[in-house]
Chemist: 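Next up is a structure, given as structure tokens.
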Amino acid sequence: MSNLRENTKAILDSVKDYPTATVICASKYLTAPMMDEIYHAGIRHFGENHAQALLDKQNKLTLPDICWHFIGHLQTNKVKQIINQIEYLHSLDRIKLAEAIQTYRILPLNCFIEVNLGEEDTKTGIHPSDLTNFIQALKKYDKINVVGLMAMGILDDKSKTQTIFKTLVSLKETHQLKYVSMGMTDDYLMALSLGSDFVRVGRKFIL
Ligand SMILES: *Cc1c(COP(=O)(O)O)cnc(C)c1O
């Protein structure tokens with residue numbers, strides 16, 4: 001067995017105690033043939049960060065049941081190209097983006113609001129104190145179906161990451177949303193133990 005196949009099996013095995021959680025393969029480091037192999041080892045959800053890479057890979061991978069997510073920062077000027085090519089967006093973080101989605105999207109899109117729970121000002125996402133207003137403002141866009149909240153942990157800080165994940169789950173409950181999208185290669189098992197519904201795992205497929 002190739003490493004990709006073994007790694008995929010190991011990742012799926014590691015989440016078997018969480019049957020309702022979904023593993024999204026964060027595929028920015030992967031080529032289409034690698035993703036094809038991961039698909040055939042059992043993964044159905046793929047998440048891209050770049051508009052052009054999404055389109056290129058979709059052209060090469062016409063597989064039944066494949067589900068595409070956009071997980072990275074989405075530039076407003078890329079919305080038209082890709083917005084009808086995905087089933088979930090994990091990075092809704094500004095009204096301008098919501099407006100562009102409303103303009104170009106045909107059917108309602110499942111969206112996670114990205115929440116900024118890290119400390120650096122550079123991180124994208126809605127500040128938790130602005131979340132109520134943001135959710136309210138999104139109600140007028142019928143092409144946006146808010147399904148949950150997304151956040152990133154902090155690299156090499158398990159304790160802060162744990163606090164972020166707990167806060168995200170509690171915000172999800174406060175706002176009566178359905179899902180949280182949290183957890184990457186270094187912290188997806190912790191994220192699952194804290195209630196993650198969607199983990200976005202990249203490097204672990206090729207480690
Ligand atoms: C790359 C990426 C991931 C996966 O990160 P790994 O550390 O490679 O598992 C998850 N979410 C987003 C938004 C990413 O850009």
Side-chain angles (χ1 to χ4, degrees), residues 3-4 6-15 18 21-32 34-35 37-39 41-58 67-76 78-79 82-83 85-94 97 101 109-118 120 122-126 147-158 160-162 164-165 167-169 172 179-207:
N3 260 333
L4 275 176
E6 276 175 31
N7 288 353
T8 305
K9 296 283 180 207
I11 290 165
L12 288 172
D13 192 57
S14 73
V15 304
Y18 304 96
T22 299
V23 176
I24 300 166
C25 170
S27 44
K28 63 175 175 276
Y29 313 115
L30 307 172
T31 63
M34 293 164 92
M35 291 161 72
E37 194 162 349
I38 289 167
Y39 174 95
I43 294 282
R44 289 294 175 270
H45 293 258
F46 292 88
E48 267 298 328
N49 293 62
H50 296 107
Q52 194 53 51
L54 175 80
L55 298 174
D56 291 346
K57 288 170 177 176
Q58 283 183 330
C67 180
W68 294 95
H69 300 244
F70 199 89
I71 62 175
H73 177 73
L74 180 54
Q75 289 175 260
T76 312
K78 297 284 163 59
V79 168
I82 63 124
I83 207 67
Q85 307 294 318
I86 56 174
E87 290 184 43
Y88 293 86
L89 172 68
H90 291 248
S91 52
L92 180 56
D93 62 353
R94 58 202 193 279
L97 182 56
I101 294 167
L109 173 64
N110 296 319
C111 295
F112 289 85
I113 297 170
E114 185 171 352
V115 187
N116 182 350
L117 296 172
E120 305 115 275
T122 50
K123 283 230 173 121
T124 53
I126 298 291
V147 295
L149 303 175
M150 182 276 240
M152 312 271 272
I154 292 191
L155 194 65
D156 296 329
D157 194 330
K158 282 263 146 72
K160 276 188 184 154
T161 296
Q162 185 183 50
I164 287 171
F165 288 173
T167 306
L168 195 70
V169 169
K172 175 205 78 168
Y179 302 127
V180 288
S181 166
M182 60 187 201
M184 317 198 325
T185 292
D186 291 332
D187 50 32
Y188 76 100
L189 289 176
M190 177 168 77
L192 288 168
S193 75
L194 295 172
S196 185
D197 302 290
F198 290 84
V199 292
R200 310 175 312 271
V201 180
R203 279 174 301 131
K204 197 167 176 74
F205 284 91
I206 49 177
L207 281 178

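Every number for a ligand or one of its atoms is a count from 1 in the order of the listing. We number each residue from 1, following the sequence as shown. Treat the numbers as computed from the prediction; the structure is a model and nothing was measured.
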Chemist: Using only heavy-atom distances, determine whether the side chains of Arg94 and Thr124 contain a donor-acceptor pair under 3.5 Å.
Modeler: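 Judged by distance alone, the side chains do not pair up.
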
Chemist: Tell me, do Phe205 and Met34 make a side-chain contact under 4.5 Å, heavy atoms counted?
Modeler: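 No, side chains not in contact.
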
Chemist: Keeping to residues at least two apart or across chains, list the side chain to side chain donor-acceptor pair (under 3.5 Å) pairs with something in residues 189-202.
Modeler: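 Listed by first then second residue: Ser181-Arg200.
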
Chemist: Please lay out, stage by stage, how Tyr179 and Asn110 fare under the test side chain to side chain contact (heavy atoms under 4.5 Å, CB included).
Modeler: CA-CA 11 Å; Tyr179 302 127; Asn110 296 319; over 6 Å; no

Chemist: Quick check against the 3.5 Å criterion: does Gln58 have a side-chain atom that pairs as donor or acceptor with the backbone of Gln85?
Modeler: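 Between the backbone of Gln85 and the side chain of Gln58 there is a qualifying donor-acceptor contact (under 3.5 Å).
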
Chemist: Quick one: do Arg203 and Asp186 make a salt bridge, cutoff under 4.0 Å?
Modeler: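 A salt bridge is present here (some side-chain N lies under 4.0 Å from a carboxylate O).
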
Chemist: Report each N/O pair between ligand 1 and the protein that falls under 3.5 Å, naming both atoms.
Modeler:
{"residue": "ligand 1", "atom": "7 (O)", "partner": "Arg203", "partner atom": "NE", "Å": "3.2"}
{"residue": "ligand 1", "atom": "7 (O)", "partner": "Arg203", "partner atom": "NH2", "Å": "3.0"}
{"residue": "ligand 1", "atom": "8 (O)", "partner": "Arg203", "partner atom": "N", "Å": "2.8"}
{"residue": "ligand 1", "atom": "9 (O)", "partner": "Thr185", "partner atom": "N", "Å": "2.9"}
{"residue": "ligand 1", "atom": "9 (O)", "partner": "Thr185", "partner atom": "OG1", "Å": "2.4"}
{"residue": "ligand 1", "atom": "9 (O)", "partner": "Gly202", "partner atom": "N", "Å": "2.8"}
{"residue": "ligand 1", "atom": "11 (N)", "partner": "Arg200", "partner atom": "NE", "Å": "2.9"}
{"residue": "ligand 1", "atom": "15 (O)", "partner": "Lys28", "partner atom": "NZ", "Å": "2.8"}
{"residue": "ligand 1", "atom": "15 (O)", "partner": "Asn49", "partner atom": "ND2", "Å": "2.7"}

